[in-house]
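For reference, the structure is listed below as structure tokens.
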Amino acid sequence: MKYHPIPNSLFIKNRQKFMAQMKPNAVAVFNSNDIYPISADSTMPFQQHRDILYLSGVDQEESILVLFPDAPYPHLKEVLFVTETSEHIAIWHGAKLNKDQAFEVSGIKSVYWLQDFEKIFFEIMTYAETLYINTNEHYRSAVETQTREDRFIEWAKKKYPAHTVAKSNPILQRLRSVKEAEELELIQTACDITEKGFRRLLSFVKPGVMEYEVEAELLHEFVRNRARGFAYGAIIASGASANVLHYVENNKECKAGDLLLLDVASEYANYSSDLTRTIPVSGRYTARQKDVYNAVLRVKTEATKMLVPGTLWKEYHKEVGKLMTSELLGLGLLDKADIQNENPDWPAYKKYFMHGTSHHLGLDTHDYGLLHEPMKANMVFTVEPGIYLPAEGFGIRIEDDVVVQETGEPFNLMRNIPIEADHIETLMNA
């Protein structure tokens with residue numbers, strides 16, 4: 001890993017919070033992700049399952065975490081299984097964690113080799129009554145691939161059919177959505193790396209530059225600052241491509257007079273940042289572009305103020321829709337008749353702003369969080385309104401990451417990243 005070691009006190013605290021929510025005499029199991037094949041002997045770069053990372057800090061494949069707070073023996077309350085390292089593995093792939101290193105990373109004293117899992121797990125299950133399984137229940141989930149976790153669940157249900165089954169996900173959704181101070185620092189680091197990348201671009205972007213060259217500049221800056229790379233697929237969309245919400249080709253020329261929508265951000269230590277800025281390729285916005293830009297910025301500014309404890313996500317989006325409707329009226333994109341005749345299920349403003357304004361952010365870019373429950377302090381949200389104008393050949397989105405505070409307005413983790421149109425112009429023409 002490129003990132004600095006994270007104190008294991010964070011993972012100890014996370015496990016304590018999770019175990020406090022478990023039923024009596026229950027055991028919970030968490031598996032690493034697979035290394036996914038491409039073809040022949042090629043594989044995708046490994047990324048750890050965020051749940052086992054959150055609870056243990058272990059960032060390597062073929063690891064299993066078992067939590068059994070009511071175990072009759074102390075050594076079975078928290079158990080970590082890792083692949084036994086060897087000289088051969090060290091030569092070909094780099095050494096894996098040994099038992100002492102796994103303890104240093106996780107704070108878990110009972111560390112065993114993976115080959116001993118079934119024997120030790122059998123003993124644990126003779127004492128336990130309930131098995132917590134870790135299914136993916138994120139509201140955006142659309143996974144077709146069977147995961148290592150899925151295979152474990154199938155095996156465990158067949159092997160131990162008399163045990164009651166419970167779900168880990170609702171507990172994790174609540175816990176992971178509220179960040180500890182250490183997590184906020186890691187997200188802030190990711191945002192700071194993103195700032196360095198964005199500032200690098202302001203002197204680089206000019207007519208004739210290719211979108212993929214912009215992508216390369218960002219990747220260079222991110223990796224040299226200890227990021228693995230992009231937190232999500234980079235969207236570098238010039239001109240009309242900005243109206244494609246998930247444009248990822250990044251293969252067109254940035255032309256004079258066009259806007260360049262940059263939905264690009266760094267990760268750090270598996271924690272995401274999520275930034276969008278829209279800048280003028282020629283260094284100056286046209287009057288029309290600036291009017292639309294400032295309208296989006298006003299919506300973002302007012303929407304941010306609503307992210308306070310007790311706010312309900314659906315109601316928040318309705319209020320943001322009212323803000324956007326007002327701005328679209330001011331820009332002449334809607335008129336009163338559009339509003340009077342709108343479909344309540346798809347309001348008039350959705351013609352120009354069709355996506356949501358905010359989502360949870362953390363270990364996943366679209367992080368855990370139960371959207372039907374009120375917002376709480378130390379949740380992290382994006383704020384990302386946009387106006388998309390295919391007929392005019394451009395789209396504008398602006399996005400920052402903010403922390404909900406106990407009192408007062410949210411804290412902007414991207415407060416140092418240029419956002420005002422005039423400031424961006426000044427920096428691009430310095």
>> Between Asp364 and Arg176, does any NZ, NE, NH1 or NH2 come within less than 4.0 Å of an OD or OE carboxylate oxygen?
In response: yes
> Would a 4.5 Å heavy-atom cut-off, applied to side chains only, mark Arg228 and Asn270 as touching?
Replying inline: yes
>> Quick check with a 6.0 Å cut-off and a 45 degree axis cone: is Lys119 positioned over the face of Phe117's six-membered ring?
In response: no
> Taking all atoms of both residues into account, what is the closest heavy-atom pair of Asp401 and Asp274, and its distance?
Replying inline: OD1-O, 2.7 Å
>> The test is ring pair (Phe, Tyr, Trp, His ring centres under 6.0 Å); show your working for His360 and Phe381 and say whether it passes.
In response: CA-CA 5 Å; His360 287 272; Phe381 285 94; 4.3 Å; yes
>> Any donor-acceptor pair under 3.5 Å linking the side-chain atoms of Gln173 with those of Glu373?
In response: no
> Any chance the side chains of Asp150 and Thr147 put a donor and an acceptor closer than 3.5 Å?
Replying inline: yes
> Lys157 versus His163: any side-chain heavy-atom pair under 4.5 Å?
Replying inline: no
>> Set out, in order, the CA-CA distance, both residues' side-chain angles and the distance that settles side-chain hydrogen bond (donor to acceptor under 3.5 Å, both in side chains) for Gln48 and Asp59, then state yes or no.
In response: CA-CA 6 Å; Gln48 183 59 293; Asp59 199 355; 5.0 Å; no
> With distance as the sole criterion, is a donor-acceptor pair present between the side chains of Glu183 and Tyr271 under 3.5 Å?
Replying inline: yes
> Are the side chain of Ser326 and the backbone N or O of Lys322 linked by a donor-acceptor pair below 3.5 Å?
Replying inline: no
>> Students often mix this up, so state it plainly: with edges at 30° and 60°, are the rings of Phe230 and Phe222 parallel, tilted or perpendicular?
In response: perpendicular
> Side chains of Tyr127 and Asp70: donor-acceptor distance under 3.5 Å anywhere?
Replying inline: no
> Could Arg226 and Tyr3 be counted as a cation-pi pair, given that NZ or CZ must be under 6.0 Å from the ring centre and within 45° of the axis?
Replying inline: no
> Are any side-chain N or O atoms of Tyr268 and backbone N or O atoms of Cys191, one a donor and one an acceptor, separated by less than 3.5 Å?
Replying inline: no
> Can you tell if the side chain of Tyr388 reaches within under 4.5 Å of the side chain of Leu245, non-hydrogen atoms only?
Replying inline: yes
> Are Lys252 and Glu249 close enough for a salt bridge, meaning some N to O gap below 4.0 Å?
Replying inline: no
> Does OH in Tyr36 sit with more than 12 non-hydrogen atoms of other residues, nucleotides or ligands closer than 6.0 Å?
Replying inline: yes
> Less than 4.0 Å between a side-chain N and a carboxylate O, is that true for Arg151 and Asp34?
Replying inline: yes
> Is Lys300 paired with Glu399 through a side-chain N to carboxylate O contact shorter than 4.0 Å?
Replying inline: no
> Does Trp113 have Lys99 sitting over its ring (NZ/CZ under 6.0 Å from centre, angle to axis within 45°)?
Replying inline: yes
> Does Glu342 come within less than 4.0 Å of Lys350, counting only side-chain N to carboxylate O?
Replying inline: no
> Does one side chain, of Thr194 or Ser266, offer a donor that lies under 3.5 Å from an acceptor on the other?
Replying inline: no
> Does a side chain donor of either Ser106 or Ser56 reach within less than 3.5 Å of an acceptor in the other side chain?
Replying inline: no
> Would you call the rings of Phe353 and His355 parallel, tilted or perpendicular, where under 30° means parallel and over 60° means perpendicular?
Replying inline: perpendicular
>> Taking NE2 in His246 as the centre, count heavy atoms belonging to other residues, nucleotides or ligands within less than 6.0 Å. Is the count above 12?
In response: no
>> Strictly below 4.0 Å, N to O, side chains only: are Glu221 and Lys196 in salt-bridge contact?
In response: no
